[in-house]
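So that the names make sense, note that chain A is the first sequence line, chain B the second, and so on, each numbered from 1. Model, not experiment: these values are computed from the prediction.
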Amino acid sequence: MANKEITSREDDYSKWYIDIVQKANLADYSAVKGCMVIKPWGFAIWENIQGQLDKMFKETGHVNAYFPLFIPKSFLSKEADHVEGFAKECAVVTHHRLMNNPDGSGVVVDPSAKLAEELIVRPTSETIIWNTYRDWINSYRDLPLLINQWANVVRWEMRTRLFLRTAEFLWQEGHTAHATQQEAVEETKLILNLYADFVEQYMAVPVIKGVKTANERFAGADDTYTIEALMQDGKALQSGTSHFLGQNFAKAFDVRFLNSENKQEYVWATSWGVSTRLMGALIMTHSDDDGLVLPPKLAPTQVVIVPIPKPTDEINEAAQKIISELRGKGISVKYDNDKKKRPGFKFAEHEMRGVPVRIGIGKRDLEKNQVEVARRDTKEKQSLPLEGIADAIQQLLENIQNNLFEKALKFRKEKTTKVDTWEDFQKVLKEKGGFILAHWDGTTETEVKIKELTKATIRCIPLDNEQEKGTCVLTGKPSKQRVLFAESY
RNA sequence: CGGGGCGUAGCGCAGUCCGGUUAGCGUACCUGCUUUGGGAGCAGGGGGUCGCAGGUUCGAAUCCUGCCGCCCCGACCA
């Protein structure tokens with residue numbers, strides 16, 4: 001069926017990505033420019049991401065709250081770097097009422113309903129939150145304050161891509177307040193590690209942890225920590241950030257506390273977030289030309305059972321038995337007993353949607369007390385005995401999870417290159433892509449120059465970076481460590 | 001904001017250059033029969049403000065003018 005076919009990665013990577021998103025029923029374009037509709041299958045994956053992260057946040061002492069969608073315009077300008085970073089992409093609410101157009105052609109904005117102060121649709125919530133924290137924090141006994149919110153935010157982007165960059169997106173944003181600098185820095189790193197663990201262990205996407213250069217830092221942060229993943233086309237995707245905000249927002253919003261010595265101090269802050277962009281990382285890391293490939297730990301349905309060629313009493317009975325065994329082990333399973341679709345159609349459909357394991361049950365299988373088990377990641381099929389099937393499937397799901405991570409890690413290793421000359425830098429970037437480890441003289445001028453010349457940016461300075469004397473790949477000036485370059489999304 | 005492309009049935013498209021039957025094809029959908037271990041076959045059927053608004057013309061999906069929308073590439077960004 002032509003309309004179900006996916007553009008191959010080789011032909012057009014960008015088109016391939018869009019095909020997967022749409023044909024695997026993850027998301028669709030909406031009537032609003034730059035905004036997408038997240039469809040049930042895509043949203044179910046996001047819910048799994050949310051569920052696990054939320055659990056991890058709570059295990060580390062964080063609690064959820066909710067702050068307003070609208071931010072008074074004046075708030076945004078209180079932190080100079082912050083406003084500079086976000087001003088260019090803010091949606092602004094100016095009126096609060098519509099009226100019938102006198103000419104009868106529908107409704108128009110009622111000019112008499114102009115807001116006294118315009119409201120910004122939050123691009124991020126630091127300002128409204130710190131304005132609130134001022135009232136909540138009086139003493140060191142109120143600290144630390146460890147709050148997260150799940151929310152939507154709006155950033156009016158010039159150009160959008162499904163999941164990777166949309167005008168509105170879903171995310172979580174943590175905002176914490178601490179009595180000491182050290183504690184805030186520790187919080188920033190705690191979350192960075194939490195993100196890295198989640199992305200690697202649940203999404204099966206290997207990441208490099210690092211710190212951003214001054215140039216790439218979050219607007220208003222003293223330090224931005226990041227996890228960077230490598231996509232199949234050799235481009236990097238920033239997958240989560242954790243910011244040490246110093247006392248910048250505390251000073252801007254006058255958030256002080258009395259320490260144990262009865263002295264006023266400004267509090268130390270962090271903020272951190274991951275967004276529905278993670279969906280993009282998930283899709284681009286594992287999927288193939290047959291569709292989406294999902295890691296078992298995040299798949300809304302881990303196992304699908306397909307009766308071959310159609311459900312009979314005998315097959316239904318065998319399927320029900322397997323279903324209850326699998327569910328007993330906490331494995332999510334769907335029995336696709338739709339009589340109107342043929343097996344081949346179902347196979348293709350579930351492969352498109354990335355269901356990790358498919359069990360086929362036919363008369364011939366049952367005669368031999370076995371079923372056909374197919375794994376999505378390698379597309380291998382094998383016959384397994386009904387006896388002990390649940391254990392075997394559980395094992396298989398673990399194998400798939402591990403295989404996806406290992407495969408992605410191997411790919412990243414192959415696509416990570418150390419280069420020492422400017423010629424090699426350009427050549428590797430152009431011909432091979434991926435991550436490049438190279439020396440850099442530490443100046444923003446050089447960083448910007450390299451970006452102008454090659455489109456590559458410094459993704460991060462990897463943590464625990466090996467210290468190694470060298471010379472900057474562009475300027476030849478001395479450098480004491482390599483940094484991670486790549487073209488990025 | 002610059003460059004490119006597109007707008008015709010739910011989806012994907014042809015038809016537009018060079019105006020002229022009842023606007024067509026694939027797929028999806030509905031009905032029936034036959035099929036059924038990798039996206040079934042045959043037959044019949046329903047579904048259209050040809051993006052919008054003007055204009056030219058006996059006649060416009062097609063020509064002219066204006067507008068709107070979306071996608072892709074680039075600058076900006078999670």
Open item on the list: Students often get this wrong, so: under 4.0 angstrom with heavy atoms, is A:Lys451 touching a base, only sugar-phosphate, or nothing?
Closed with: sugar-phosphate

Open item on the list: Nearest 0.5 angstrom please: A:Thr270 OG1 to A:Leu192 CG, how far?
Closed with: 11.5 Å

Open item on the list: Just to be sure I understand the rule, does A:Thr160 reach a base, reach only the sugar-phosphate, or reach nothing, if contact means heavy atoms closer than 4.0 Å?
Closed with: sugar-phosphate

Open item on the list: So, using salt bridge (charged side-chain N to carboxylate O under 4.0 Å, His left out) as the criterion, who are the partners of A:Glu325 when residues are at least two apart?
Closed with: A:Lys321

- [ ] Could you verify whether a donor N or O on one side chain and an acceptor N or O on the other, from A:Asn316 and A:Asn337, lie under 3.5 Å apart?
- [x] no

Open item on the list: I'd like to know if A:Glu351 reaches the base of B:G39 with its side chain such that a donor and an acceptor end up less than 3.5 angstrom apart.
Closed with: no

Task: Heavy-atom side-chain proximity of A:His95 to A:Asp110 below 4.5 angstrom - done: no

Task: Comparing A:Ile18 and A:Lys381 on RNA chain B - which has the more 5′ nearest nucleotide - done: A:Lys381

List, with names and distances, any nitrogen or oxygen atoms from the protein found under 3.5 Å away from nitrogen or oxygen atoms belonging to nucleotides 32-36 of chain B.
{"residue": "B:U35", "atom": "O2", "partner": "A:Arg342", "partner atom": "NH1", "Å": "3.3"}
{"residue": "B:U36", "atom": "O4", "partner": "A:Lys310", "partner atom": "NZ", "Å": "2.8"}

TODO: Provide the Watson-Crick or G-U wobble partner of B:C42, both distances under 3.5 Å; none if there is no partner.
DONE: B:G32

Task: Any strand: nucleotide that pairs with B:U65 via Watson-Crick or wobble, under 3.5 Å - done: B:A53

Task: Proximity to the side chain of A:Glu372 - top-ranked nucleotide from B:C77, B:G37, B:G39 - done: B:G37

Task: Test item: A:Trp272 and A:Thr188 side chains (from C-beta on) under 4.5 Å apart, heavy atoms - done: no

Open item on the list: Regarding A:Glu157, tell me which of base, sugar-phosphate or nothing describes its non-hydrogen contacts under 4.0 Å with the strands shown.
Closed with: base

Open item on the list: Distance check, rounded to the nearest 0.5 Å: A:Trp150 atom CH2 versus A:Leu53 atom CG?
Closed with: 5.0 Å

- [ ] For A:Arg358, answer base if it contacts any base atom (sugar-phosphate contacts may also be present), sugar-phosphate if it contacts only those atoms, and nothing otherwise; contact means non-hydrogen atoms under 4.0 Å.
- [x] base

Task: Atom-to-atom span, CE of A:Met352 to P of B:G39 - whole angstrom - done: 14 Å

Open item on the list: Once salt bridge (charged side-chain N to carboxylate O under 4.0 Å, His left out) is applied, do any residues pair with A:Lys39, and if so which ones, sequence neighbours excluded?
Closed with: none

Open item on the list: Using the side-chain heavy atoms of A:Lys455, tell me which of these nucleotides is nearest: B:A75, B:A78, B:G39.
Closed with: B:A75

- [ ] Quick one: look up who B:U27 pairs with, Watson-Crick or G-U, both distances under 3.5 Å, and put none if it's unpaired.
- [x] B:G10

- [ ] Just name whichever nucleotide pairs with B:C70, Watson-Crick or G-U, keeping both distances under 3.5 Å, else none.
- [x] B:G5

Task: Nearest listed nucleotide, side chain of A:Lys88, among B:C76, B:A78, B:G39 - done: B:C76

TODO: Scan every strand shown for a Watson-Crick or G-U wobble partner of B:U16, both distances under 3.5 Å, and answer none if you come up empty.
DONE: none

Task: Pairing nucleotide - B:A75, Watson-Crick or G-U, each distance under 3.5 Å - done: none

- [ ] Have a look at A:Lys346 and say if it touches a base, only the backbone sugar-phosphate, or nothing, with a 4.0 Å heavy-atom cut-off.
- [x] nothing

Task: Close side-chain approach of A:Tyr335 and A:Ile315, heavy atoms under 4.5 Å - done: yes

Open item on the list: For a quick check of understanding: with a heavy-atom distance under 4.0 Å over all strands, which category does A:Leu164 fall into, base, sugar-phosphate or nothing?
Closed with: base

Open item on the list: By the 4.0 Å heavy-atom rule, please label A:Ser14 as base, sugar-phosphate, or nothing.
Closed with: sugar-phosphate

- [ ] Would you classify A:Tyr29 as touching base, sugar-phosphate or nothing, given that sugar-phosphate means primed atoms plus P, OP1 and OP2, and contacts are heavy atoms under 4.0 Å?
- [x] sugar-phosphate

Task: Whole-Å gap separating P (B:G38) and NZ (A:Lys379) - done: 13 Å

